[in-house]
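Side chains are part of it too, since the values below use all heavy atoms of this structure and drop only hydrogens, waters and symmetry mates.
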Amino acid sequence: MASKTKTYRLESEIDKCRVECNWKKAVELAKQGALKSTDIASTVNLLQSEMALEEFIEAHDPTNEANALTARQALSEADDTLVKLSEGNSLFKEQALLLLAKLKFCEGFYQVCLDTLEKVDLTSIALRESEGNAYKNTRLLYMVAECFAIKGKCLDKTKSSLKTKYKISEREDEIITCYEIAGDLAFLCLQQRDKRPTTPQGMGPSTESNNFIVTSLIEMAIKQVPVMHWKKGDKIKCINRYREMLRAVESRFAHDIRKTLALELAQLLLRSSSSSSYKSIDLNAKSLNNKAPKPMVYCPDKLFVPKTLDEEVLLLLLIAEAVATREAVLERNEETHELTLTNITAIYDLLALILVKRAQFGRLTESFEKAMRFSFQEFHIWYQFANSLISSSKYSQALPVLSECYRLAPQNVTVCLQAAQLCYEHLQLNQQGVEWSQRAVQCNVPKHFLARAYMALGIGLCLVAKDSRLNADRQSLNQKALEAFKTAQDLNPSDYLTAFHLALQYANLRKINVAIEFTKKSLENRSDFIHSLHLLTLLLSARKQHEEAMTLIQAALEEYPDNLSLLMTKAKLEKIVLGPDEALSTYQKMLKLWKDMHELDIADDGSDSKSKVRERNPWDKRSLAQITLNEFSERGSGSIRAESYAASRMEKALSDLASSMNSSFQPRAGPQRSWVIQAQIWLNLAELYLSLNQVQEAQSCVQETFQLFPHSVYVFFMRGLVYEHKGCLNEAKMCYENAISVNPTHTKSLYHLGIVLHKLGDNRLAEKVLRDAVNLDPCFHKAWFVLGIVLEATDHPEDASHCHMMGTSLEATCPVAPFNVIQRVMT
């Protein structure tokens, strides 16, 4: 009795070694047992043949016909042994026949393989070994699965002998059935391996190893079924087969297969389905194969069932991502690591496609953050990560990521231009943007790219010039910018954007006729470019052609009816052409548009993965109020978004201090961009009310803005205007000084402070302040006029005359709004 128990335990241990593909250990145990028991002696030959066959398959793909001749030479001894074991009434006849069929397949004898399989009832073995879902012989079950895959492949190899289409179609159906059964049995086998009992107590350490892999035969069978359905034109069966396999209960040995299936199904759905033609998953649908045991599937009651195409694709990609990222971290083999990264790149590209469509940039960024653990030298993933950060408005984080992209691809001009754009448009790092533009200029790229590089350089030089305190430096930088724009124009004469920037530069230099020429050239190349339309409007107003400017801006607003920047200019034109009442109605329309935009911002801000279904597309936010904060800013206007990085830091510090000292003041909830735009509208409306001598209404507008941004330069400035209008000169002086202390380059505050000081009799200080104003903005004609008046009062008639002449000449080319309210865009 004790001897039988030991034999059973040894057989169990051998079986476990076979399940774990530990062939050498299985043979060693069989040889040890053969010395003690004749019952085990007969297994040695079978196991040695099995080991030879499996080790050959591990080194040579059996589905590749080129390996057939090598197999015939290497497996001749195993062939002879298995032929003997498969004859007569051997205890291992069944397994020997299965292994022999597999061996003949490796040798390329496909008809002999089919004849061998005819001697075995594969379906009966499968039913027997999986009966009641209890563990039986997992190795034998897996061998049957492989034999079904082999049978399908052999049927495919021998179908060329068939003469009729009906026979060929019948054969293809049989092949599909074989592959389906092979896949189902393989999944069932892997699930049973997860439930396999541990080594019995007293048998020593477990032989559990990492040798087991899903063989290429099984992988081929699993992947071929949906492909064959697709080739036959049955898209529904193809998709349903993928879904059926993915519903199988998870096994730790099937992670890689699940990742592949999920990725392939996601790609298939994106290529072949649309939102209207999509059919959701039917959990009650009958299985495609009922001739053999099925793997366990998840209970329908506990499953999340996608209802839309995007939901299913997203779910599949997240499953694939979870597996792929784990593999990439654990994988150390260089060749396999490259393959894994290729798959991961495909997954992340599709994730970007789906998440961007749903405006889920935050979720996309999280995915790329995980990918950074194994993407040290992978430019594509780093670049996609940078784009996701930009889309999530995480500009300060995106810049160092772009720097890494530049390190990986120093000749990629797009990276340089994108980094420059971040510096100019979002981070106010203008000098750093110039450096990125210079790198772009040095790239060896085609002319149209080089033209954009010079254009970016010109933009950066203009912005640096704007922040410069010395007039000589500004003139030098503006001249260099003009040369850069001219070079860009020469490299690509048909580029509407280069022509626009060249026109804007000439406009700022008050060369109005030349500016109009290049603006028209820009519009010839792109007639609907909003910034060129806006610029042409301002240029016409600079010629005092206000009616023509009004006609043009009304035409532009027909194309862009919700553009706040155009509406702001329209209100200023209406005040001149049609009167202040028309301008007031335009401001009312702007406040209504702001409300719509703010509600959309709030909806977006409060939803991410569980986003609400909105009536508007997420991208409509930009088209609703096509405006950036730069479009409201001007050197003399003192935008809520301060004109220099230092000034914006000062505003933020003052606001933080106010919040800490006064608990009653807290920043408004919701996106700050929205509140900034509202503040700009209120303050421009306040200026209009003051021009109409409606002081109380203007004061209310300023108070509304004060509630939003109590330490803004513009709020201090507008309070000063109200006090000045009321004749409270000392209070006005204090407000202007506060504005200048926050932003010393705010020319309008300097200008009005000079007026107040002159009225208070302090002409020497007024002269200094006004000279600072004209030094910062030499085109500020009003400051020149007042400086002339102050110089007259201090008995400097010649200097005063020069100032009046400057003011008169500049007023002749002064637009209704400063040219630099138009943002210098790169795209």
Side-chain angles (χ1 to χ4, degrees), residues 14-31 34 40-87 90-120 122 125 129 137-154 157 178 182 185-186 189 193 207 209-221:
I14 290 172
D15 183 49
K16 183 169 183 177
C17 289
R18 293 178 69 196
V19 169
E20 300 302 332
C21 303
N22 196 341
W23 315 115
K24 290 182 180 179
K25 182 67 174 177
V27 172
E28 288 174 6
L29 288 172
K31 287 180 177 179
I40 297 180
S42 58
T43 65
V44 174
N45 291 335
L46 177 74
L47 295 178
Q48 286 179 328
S49 300
E50 182 180 43
M51 179 175 70
L53 176 59
E54 296 298 341
E55 287 182 346
F56 176 85
I57 289 174
E58 188 175 341
H60 305 83
D61 183 3
T63 61
N64 186 349
E65 291 187 36
N67 294 322
L69 185 60
T70 306
R72 295 171 195 175
Q73 296 171 349
L75 300 175
S76 58
E77 185 177 343
D79 192 342
D80 294 338
T81 302
L82 290 173
V83 168
K84 292 178 182 177
L85 288 172
S86 65
E87 295 173 348
S90 168
L91 180 65
F92 299 103
K93 179 178 179 179
E94 197 173 64
Q95 294 190 43
L97 283 170
L98 297 178
L99 290 172
L100 183 60
K102 191 171 171 181
L103 185 147
K104 292 300 180 185
F105 176 77
C106 293
E107 292 179 340
F109 300 127
Y110 303 121
Q111 189 58 53
V112 176
C113 176
L114 287 173
D115 294 339
T116 304
L117 289 174
E118 286 296 321
K119 300 175 183 179
V120 188
L122 295 175
I125 299 173
E129 296 303 328
N137 191 329
T138 308
R139 170 58 185 164
L140 183 56
L141 186 63
Y142 194 79
M143 288 167 65
V144 171
E146 285 188 312
C147 284
F148 269 111
I150 288 168
K151 183 178 179 180
K153 191 68 174 176
C154 289
K157 292 285 187 181
C178 289
L185 290 177
C189 180
R193 292 190 78 255
T207 59
S209 69
N210 293 323
N211 292 342
F212 179 79
I213 57 171
V214 178
T215 58
S216 59
L217 290 168
I218 295 297
E219 283 192 357
M220 177 268 299

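- For the residue pair Q48 and T81, no side-chain donor N or O sits within less than 3.5 Å of a side-chain acceptor on the partner.
- Closest approach of L53 and L99 over heavy atoms only: CD2-O, 3.5 Å.
- Under the rule for a side-chain hydrogen bond (donor to acceptor under 3.5 Å, both in side chains), the partners of Q111 that lie at least two apart in sequence or sit in another chain are D115.
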Discussion item. Pair E54, K102 - check salt bridge (Lys or Arg N to Asp or Glu O under 4.0 Å), show working.
Written reply: CA-CA 10 Å; E54 296 298 341; K102 191 171 171 181; 2.5 Å; yes
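- Taking E107 as the reference, K104 meet the salt bridge (Lys or Arg N to Asp or Glu O under 4.0 Å) condition, with sequence neighbours excluded.
- Residue L103 forms a side chain to side chain contact (heavy atoms under 4.5 Å, CB included) with just one option from V112, I57, L82, and that option is L82.
- Here the NZ-CG distance, from K31 to L47, works out to 10.5 Å after rounding to the nearest 0.5 Å.
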Practice prompt. Check the pair L140 / L98 against side chain to side chain contact (heavy atoms under 4.5 Å, CB included), numbers first and verdict last.
Written response: CA-CA 9 Å; L140 183 56; L98 297 178; 3.6 Å; yes
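- Residues L100 and D79 have side chains in contact (heavy-atom distance under 4.5 Å, counting atoms from C-beta outward).
- Within the 4.5 Å cutoff, the side chain of K24 has heavy atoms near those of the E55 side chain.
- Remark: E65 pairs with K157 by the salt bridge (Lys or Arg N to Asp or Glu O under 4.0 Å) rule, at least two apart or across chains.
- A distance of 7.0 Å separates CG in L217 from SG in C106, rounded to the nearest 0.5 Å.
- For K93 against S86, the heavy-atom pair with the smallest separation is CE-O, 3.3 Å.
- Taking CG from N67 and CZ from R72, the interatomic distance works out to 11.5 Å, rounded to the nearest 0.5 Å.
- In this structure, Y142 and I218 have side chains that are in contact, with non-hydrogen atoms separated by less than 4.5 Å.
- Between D61 atom CG and S216 atom OG the span is 4.0 Å, to the nearest 0.5 Å.
- Here CD of E146 is found 14.5 Å from NZ of K153. Values are rounded to the nearest 0.5 Å.
- The ring pair (Phe, Tyr, Trp, His ring centres under 6.0 Å) contacts involving residues 60-80 comprise F56-H60, where partners must be two or more places apart or lie in separate chains.
- A221 meets the side chain to side chain contact (heavy atoms under 4.5 Å, CB included) test with A149, Y179, A182; sequence neighbours excluded.
- Side-chain contact between C17 and L29: present, with at least one pair of heavy atoms (C-beta onward) separated by less than 4.5 Å.
- Nearest heavy-atom pair across A30 and T43 is CB-OG1, 3.8 Å.
- Between the CZ atom of R139 and the SG atom of C21 there is a distance of 6.5 Å, given to the nearest 0.5 Å.
- Among residues two or more places apart in sequence or in another chain, the side chain to side chain contact (heavy atoms under 4.5 Å, CB included) test is passed with C154 by F105, Y110, C113, L114, I150.
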